[in-house]
**Q** 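Have a look at this one.
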Amino acid sequence: MSFNILMFGVGGQGTVLSSDIVCEVAIESGYDAKKSEIHGMAQRGGSVVSHVRIAKKVYSPVISFGEADIMVSFEYMEFLRYMEYVNSETLLILNTNKIFPPGVLSGKEEYPEKVIKQKLKLFKGVSQIDALKIAQESGNVKVAGMAVVGALAKTLPFEKKVWKNIIESKVPPKTVESNIKAFELGFTL
Amino acid sequence: MRKVLSGNEAIARGAYEAGVKVVSSYPGTPSSEITDFVKRYGEIYCEWAVNEKVALEVAIGASLAGRRSMTCMKHVGLNVAADPLMTLSYTGVNGGLVILVADDPNMFSSQNEQDSRNYARFAKVPLLEPSDSNEAKEFVKKAFEISEKFCTPVIVRSVTRLSHSMSAVDLGERVEVTSKGLENNIPKWVMVPANGRVRHVFVEERLKELQTYNSESDLVVEEIISNEIGIITSGIPYQYVKEALPEASVLKLGMVWPLPLDKIVDFSKKVKKLYVVEELDPIIETELLAKGLKLKKIKRPLTGELSVDAVKKLFGIKVNKYKTTVKELPNRPPNMCPGCSHRGMFYAISKLKLFAAGDIGCYTLGLLPPLSAINSTVCMGASISMAHGIDRASDGEYAKKSVAVIGDSTFFHTGINGLLNSVYNKGCSTVVILDNRTTGMTGHQPNPGTGITIRGEESPRINFELLCRAFGIKNVVTVDPFDVDECIRVLKEETSKEELSVIITNRPCIFADRTVITNPYFIDADKCTGCTACTRLGCPAITWDKKKKIAMIDESLCTGCGLCPKVCRFNAIFQRGVK
Ligand code: SF4
Ligand code: SF4
């Protein structure tokens, strides 16, 4: 069993923390795992991408083109940037929350709604989640990322208990409760 | 105990386990987090130095005093530290000394892509290259042993893909290394020519011994799988090779300088075809060819990162065909944060169409549209000296249309020397010190202008105005960067003078002082005429409603800096909760 998970979103959405959690859960569950991340020069608002690879033995910390098993998009359009990693078996976990890029905000470019709809068809499966709504239900808008992690956890063979332990150890103590709640809601979606 | 650590975290852990006493560094992506992690270990004295040369010199002092010491920097930082490095190679060390340098193949956040392995060869010192987090930790420990055993500084080279990747690490205990005491040995530590000549002979001898040591050490690992293909590789490329060519035999080098030639010759006899796979410069390859080894040529690019696919292609293996890519998506370029204190000054500079000699830091992002306010960026501290050069080349004519912009941390790094030079040589440029009281770009590390140390203890805060006056500069003005009109007025006035001027801004980075964040602003839709004066600030919180042709503010992003209402001539922008 092996998983190549590509996680991406916009700076500030918790992509990096989420990928740390996945990596630790895998190792805690007895697998080898590696993670590699590139955050642009942006302090805020730039694209962020993390590669997580899980297997018995992992060499390269980077996923090759066409070899993503699961893609996790923390923002509605971001997955379009990574289509070269997709193959006919790839699953997509998609947060439907939109963050408009500067070009769209300034009215110079269009948010690519049509292309999104079109490209969604290329995935073997797509689970769409409204993470912001879940986060609001969990009582903290900042935990939206954890709802996405919950949805991802459902597709992976690791015990829920391990997920919860790792999440607890990684998020600020004050936010443990809302984070776990968002995770649960994402998981049971 | 096993833990998942990033390469940088593992390096810090390695220093801790090795009993390091002193770490002095200057932040630079991708190396910055190492020293931030070191600060967790109370046993280690750590500090942010003003630049890499100073940081290395502090480490040398600690070594001279008999303790293990380390300095961390990015590749371009090693250029700054090259001066002490070259002579440190001669003096050697007392307590072990490790220089951690992180390269950035593909330039994810750097101005060039240089290969630091060249420095090991140049300085004639050993260089180790780990290939995952666990090795990063172990190699740092090993580096200290080698340093003391052979009386040499040791370079450990990381790359972005190691520093910013995570994998499992087996944690060990810290070994308390007792001080060797201050070494008082004049022929060794005083590098006057007579002593230097003696030490150079030692350096050459040492290199030979290191070569033998390398061949015999467990740093070189031979993995014989078949006798068809043999690959010599090291560091992160090792991981790509293992995955792309599982059938190949591999000689993995842990120490890439000096090379374990005996081991390599040995290995070459065990395989029919011998290749070298390395990233950036052909360091290993050139050396082996010079030694007459028969290598198979591969068409490897000298730029950018390798990858599993790239290695497969080099060996003619078909790579997975991917289905589709989407071109022309709206970009998400990096941008100065909403509320960034640099924005107002850049707006003024771009309004006046001044030529801006820029520098390295968050404010380099002032080059992006709509501000487009930076015209050159070379290296840390270059802005002030380049502006002086520009003025001199034009007999002062360009001085009236140009400025140098530099951040506080960069000013302390090497800008201060440039300013001194301009003063001394009767320069007439206008220097803008963008003082936001932190080192923004690399993750908000404190500097001598912040008033706190790495561990948050209070320390004297350098006053730029007094400093510039002490230099003898007469025209020193402090402005509020959010007051655009004032910025424009001051810029006009100072650039017109035929004397050196320094303009200092006085607002903190919103991460340096979170208390500056106040109620957000909003735009009254009825009053907005759609003139776009505010959207031209490039604040990520200001959006444009295409249908209504008016500007809006995303209140969840707005920090309430109050800059945009100052450029709105129609008084359409108001702050929540303020009447
Ligand atoms: S981190 Fe600070 S200095 Fe950098 S862009 Fe943001 S506000 Fe400006
Ligand atoms: S006040 Fe205006 S310029 Fe300042 S952060 Fe808010 S929207 Fe941006």
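Scope of the values below: all heavy atoms of this structure, side chains included, with no hydrogens, waters or symmetry mates. In what follows, chains are A, B, ... by sequence order, proteins preceding strands, each numbered from 1.
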**Q** Would you mind checking which part of Phe100(A) comes under 4.5 Å of any heavy atom in chain B, side chain (CB onward), backbone (N, CA, C, O), both or neither?
**A** backbone

**Q** Quick one, Asn331(B) and Pro101(A) - any side-chain contact, counting heavy atoms below 4.5 Å?
**A** no

**Q** Can you find a heavy atom in the side chain of Arg81(A) that is under 4.5 Å from one in the side chain of Val326(B)?
**A** no

**Q** Any non-hydrogen side-chain atom of Ser167(B) less than 4.5 Å from a side-chain atom of Pro61(A)?
**A** no

**Q** For Lys160(A), I'd like to know if atom NZ has over 12 heavy atoms of other residues, nucleotides or ligands within 6.0 Å.
**A** yes

**Q** Can a salt bridge be assigned to the pair Glu110(A) and Lys546(B) using a cut-off of 4.0 Å between side-chain N and carboxylate O?
**A** yes

**Q** Using 0.5 Å steps for rounding, measure from the CZ atom of Arg2(B) to the CD1 atom of Ile27(A).
**A** 6.0 Å

**Q** Please classify the contact of Thr160(B) with chain A as side chain, backbone, both or neither, using a heavy-atom distance under 4.5 Å.
**A** side chain

**Q** Is a side-chain N or O of Glu37(A) found less than 3.5 angstrom from the main chain of His164(B), in a donor-acceptor match?
**A** no

**Q** Evaluate the side-chain proximity of Ser64(A) to Tyr240(B): yes if any heavy-atom separation is below 4.5 Å, no if none is.
**A** no

**Q** Using 0.5 Å steps for rounding, measure from the OH atom of Tyr111(A) to the CG atom of Leu329(B).
**A** 10.0 Å

**Q** Show, in sequence, the C-alpha distance, side-chain angles and deciding distance for Arg332(B) and Ser47(A), and conclude whether the side-chain hydrogen bond (donor to acceptor under 3.5 Å, both in side chains) test is met.
**A** CA-CA 6 Å; Arg332(B) 291 196 198 270; Ser47(A) 300; 4.8 Å; no

**Q** Hey, is CD on Glu159(A) packed in by over 12 heavy atoms from elsewhere, all under 6.0 Å?
**A** no

**Q** With the side chain counted from C-beta on, respond yes when Val4(B) and Cys23(A) share a heavy-atom pair under 4.5 Å apart, and no when they do not.
**A** yes

**Q** Side chain, backbone, both or neither: which part of Asp554(B) has an atom under 4.5 Å from a heavy atom of chain A?
**A** neither

**Q** Of all of Lys242(B), Glu328(B), Met336(B), which one pairs up most often with chain A through heavy atoms under 4.5 Å apart?
**A** Lys242(B)

**Q** Distance check, rounded to the nearest 0.5 Å: Asp309(B) atom CG versus Glu84(A) atom CD?
**A** 10.5 Å

**Q** Give a yes or no on whether Lys108(A) atom NZ has more than 12 heavy-atom contacts from other residues, nucleotides or ligands under 6.0 Å away.
**A** no

**Q** With rounding to the nearest 0.5 Å, note down the distance linking OG1 in Thr325(B) to CE in Met83(A).
**A** 9.0 Å

**Q** Can you tell which part of Leu80(A) gets under 4.5 Å to a heavy atom of chain B, answering side chain, backbone, both or neither?
**A** both

**Q** Look at Val115(A), Ile99(A), Val141(A) and state which one has the largest set of heavy-atom pairs under 4.5 Å with chain B.
**A** Ile99(A)

**Q** So which of Ser60(A), Ser50(A), Ser36(A) actually passes side-chain contact (heavy atoms from CB on, under 4.5 Å) with Ser165(B)?
**A** Ser36(A)

**Q** Taking everything shown except Lys133(A) itself, do over 12 heavy atoms lie less than 6.0 Å from its NZ?
**A** no

**Q** Which bit of Glu75(A) comes within less than 4.5 Å of chain B, counting heavy atoms only: side chain, backbone, both or neither?
**A** side chain

**Q** Counting heavy atoms not belonging to Lys313(B), are there more than 12 under 6.0 Å from its NZ?
**A** no

**Q** Are Lys34(A) and Gln239(B) close enough that some pair of their side-chain heavy atoms sits under 4.5 Å apart?
**A** yes

**Q** Would you mind telling me which of Lys57(A), His51(A), Glu28(A), Glu78(A) has the largest number of heavy-atom pairs within less than 4.5 Å of chain B?
**A** Glu78(A)

**Q** Around atom CD of Glu113(B), are there more than 12 heavy atoms of other residues, nucleotides or ligands at under 6.0 Å?
**A** yes

